[in-house]
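Here is the structure we will look at, set down as structure tokens.
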Amino acid sequence: MGNSCVKLKKSTAEIAPCEFVKDSPPVVILYGSPVVPLTSYIRFALHHKCVSVRMVSAETPILWPDTLVLQCGSDTVSGSRETLMRYIESRFPRPPLVMSRGGDCDETTPLIVTATRLQHRSMTWHIERMVRWAEDLAARGGRGAVDPTVGSPRMEVKKFGRSYGHLLELMLEHAQMEERIVFPILERADRGLSKAANDDHARDLPIMNGIKEDIKSIVVLDSGTPAYQEALSNLFTRLKSLQEHCKEHFDEEERDLLPLMEAAELSKQQHERLLEQCWDAMQGTHSHLFRFFIEGLPPHDAMSYLGLIIKCNDKDRAATMLCPIME
């Protein structure tokens, strides 16, 4: 599964390449406000189509504040998000960003369920990346990476620690969101439904914090020594264990718990409020770590998640989350 091609500085052990690179990208001109959520959404879509975008700021009275006009060659398109995306998908079919109805995009699926599943996918991708990176570190046993931009072994471990710190913050906020928003709904419907999931959160927290401390210990060790090599091997083992626990936990939630949200008999307005509460609970990772989070999703899933954010009633909040990903 490919990941969103948001550009960040990474080691060669970390990231997959963009799958669809074109030699001479077409140019699209966008007319509208650069700070409204719709603009960021459409720019993100065009970025994944490997299309060159020129932004022309056009505020009222030329255009209404939330209006966006797309010009490509002799074509000029404006209208709703759906209208713009239909044109983009038709004009630039690869990679497909709007999936057919069904699955997570099914309109009957509660918004908070879709958000939770997509968060699981991002975390799963990042955990897999950290496991691969740790395995590579352990295999090299203190030797430097092939890519000189990674730096010395100690510099690489520090970068590894920063990346794991981002993942840890994402996982903790996600767990807190579920405990504050999703699980109480299920508990009110049927007491004890979420006990196993809560127990999993409590079980994995010491492992997650222990890995953070392991990384700190490795940084101060001399690279290449037996103690250093053993510490790297243990780090890989603990990360692999965490990966297995998370997969089991996410699978259980998606199989046994999340489908019950549809049976909770909540109104459309209640489901919308739950989604707003989700953004409240995850302010940290949906601000300074949002690029990191989105990177863990393949393009079509990333577009689905941005579509959820656009539904946010607080448009300033939506803009705060979306605008930085294209900076």
Side-chain angles (χ1 to χ4, degrees), residues 1 3-4 6-16 118-147 149-178 200-223 227-250 281-297 325:
M1 179 176 68
N3 63 297
S4 296
V6 178
K7 300 297 181 184
L8 296 174
K9 294 182 179 179
K10 309 173 181 68
S11 87
T12 52
E14 296 182 65
I15 291 306
L118 292 174
Q119 289 169 15
H120 286 171
R121 290 175 195 173
S122 176
M123 291 183 289
T124 296
W125 186 86
H126 279 292
I127 295 168
E128 290 174 352
R129 178 176 63 88
M130 298 302 298
V131 168
R132 291 196 306 270
W133 194 357
E135 185 177 25
D136 185 48
L137 284 168
R140 285 187 273 125
R143 298 190 304 276
V146 176
D147 184 355
T149 63
V150 174
S152 68
R154 181 168 284 116
M155 292 166 67
E156 183 177 4
V157 173
K158 287 181 178 179
K159 291 177 181 179
F160 184 95
R162 284 194 295 272
S163 191
Y164 179 75
H166 295 338
L167 173 59
L168 179 60
E169 184 174 348
L170 171 60
M171 294 176 72
L172 291 176
E173 277 203 348
H174 170 80
Q176 291 166 4
M177 180 277 292
E178 289 185 331
D200 286 348
H201 288 180
R203 175 200 64 187
D204 291 337
L205 183 59
I207 299 175
M208 293 156 60
N209 287 329
I211 291 171
K212 182 178 180 180
E213 295 305 313
D214 287 348
I215 297 169
K216 290 180 181 179
S217 299
I218 294 171
V219 169
V220 301
L221 293 174
D222 291 331
S223 62
Y228 184 85
Q229 294 172 355
E230 182 181 3
L232 287 176
S233 178
N234 290 338
L235 174 64
F236 167 68
T237 300
R238 295 189 74 171
L239 273 167
K240 188 69 177 176
S241 177
L242 177 63
Q243 179 187 33
E244 293 168 355
H245 286 184
C246 287
K247 182 182 187 306
E248 179 184 3
H249 173 68
F250 295 161
M282 302 189 70
Q283 288 185 27
T285 53
H286 283 54
S287 54
H288 65 285
L289 291 182
F290 193 54
R291 286 168 62 94
F292 175 86
F293 168 77
I294 284 294
E295 180 192 28
L297 295 173
I325 64 175

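For clarity, every value in this text was computed on a predicted model and none was experimentally measured.
Ring pair Phe292/His126 is parallel by interplanar angle, where below 30° counts as parallel and above 60° as perpendicular.
In plain terms, the two heavy atoms of Leu297 and Ser122 that are nearest each other are CD2-N, 3.7 Å. Residues Leu239 and Ala134 share a closest heavy-atom pair of CD1-CB, 3.6 Å. Between Met208 and Leu172, the closest heavy-atom pair is CE-CD2, 3.8 Å. Closest approach of Ile127 and Cys246 over heavy atoms only: CD1-SG, 3.6 Å. Across all non-hydrogen atoms, the minimal contact from Pro153 to Ser223 is CB-CB, 4.0 Å. Of all heavy-atom pairs between Asp222 and Tyr228, the closest is O-CB, 3.2 Å.
Of the residues listed (Thr285, Ile325, Leu170), the one engaging Phe293 in a side-chain contact (heavy atoms from CB on, under 4.5 Å) is Leu170, and it is the only one.
Expressed to the nearest 0.5 Å, how far CG of Leu205 lies from CG of Asp200 amounts to 12.5 Å. For the atom pair CZ of Arg143 and CD of Gln229, the computed distance is 8.5 Å after rounding to the nearest 0.5 Å. To the nearest 0.5 Å, the span separating OG on Ser233 from CD on Glu135 amounts to 10.5 Å. Between Arg291 atom CZ and His166 atom NE2 the span is 11.5 Å, to the nearest 0.5 Å. For the atom pair Arg238 CZ and Asp214 CG, the distance stands at 4.5 Å (nearest 0.5 Å). Here the CG atom belonging to Leu289 is positioned 12.0 Å from the CD1 atom belonging to Ile294, to the nearest 0.5 angstrom.
Side chain of Arg154 to main chain of Leu221: a donor-acceptor pair is present (N/O by atom type, distance under 3.5 Å, no hydrogens or angles). Formation of a donor-acceptor pair under 3.5 Å by the Glu173 side chain with backbone atoms of Gly284 is found in this model.
Applying the ring pair (Phe, Tyr, Trp, His ring centres under 6.0 Å) test to His201 and every residue at least two apart in sequence or in another chain returns Phe183, His249.
For the pair Glu244 and Lys247, the salt-bridge criterion is not met [side-chain N within less than 4.0 Å of a carboxylate O]. Comment: Asp136 engages Arg140 in a salt bridge, judged by a side-chain N to carboxylate O separation of less than 4.0 angstrom.
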Salt bridge (Lys or Arg N to Asp or Glu O under 4.0 Å) assessment of Glu213 paired with Lys216: CA-CA 5 Å; Glu213 295 305 313; Lys216 290 180 181 179; 3.5 Å; yes
Intermediate values then yes/no, side-chain contact (heavy atoms from CB on, under 4.5 Å), Ile218 and Phe160: CA-CA 11 Å; Ile218 294 171; Phe160 184 95; over 6 Å; no
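Glu169 and His288 are linked by a side-chain donor-acceptor pair at a separation below 3.5 angstrom, with hydrogens and angles left out of the test.
Contact of the Ile211 side chain with the Leu242 side chain is registered, since non-hydrogen atoms from C-beta on lie closer than 4.5 Å. Between Trp125 and Arg121, every side-chain heavy-atom pair lies at or beyond the 4.5 Å cut-off.
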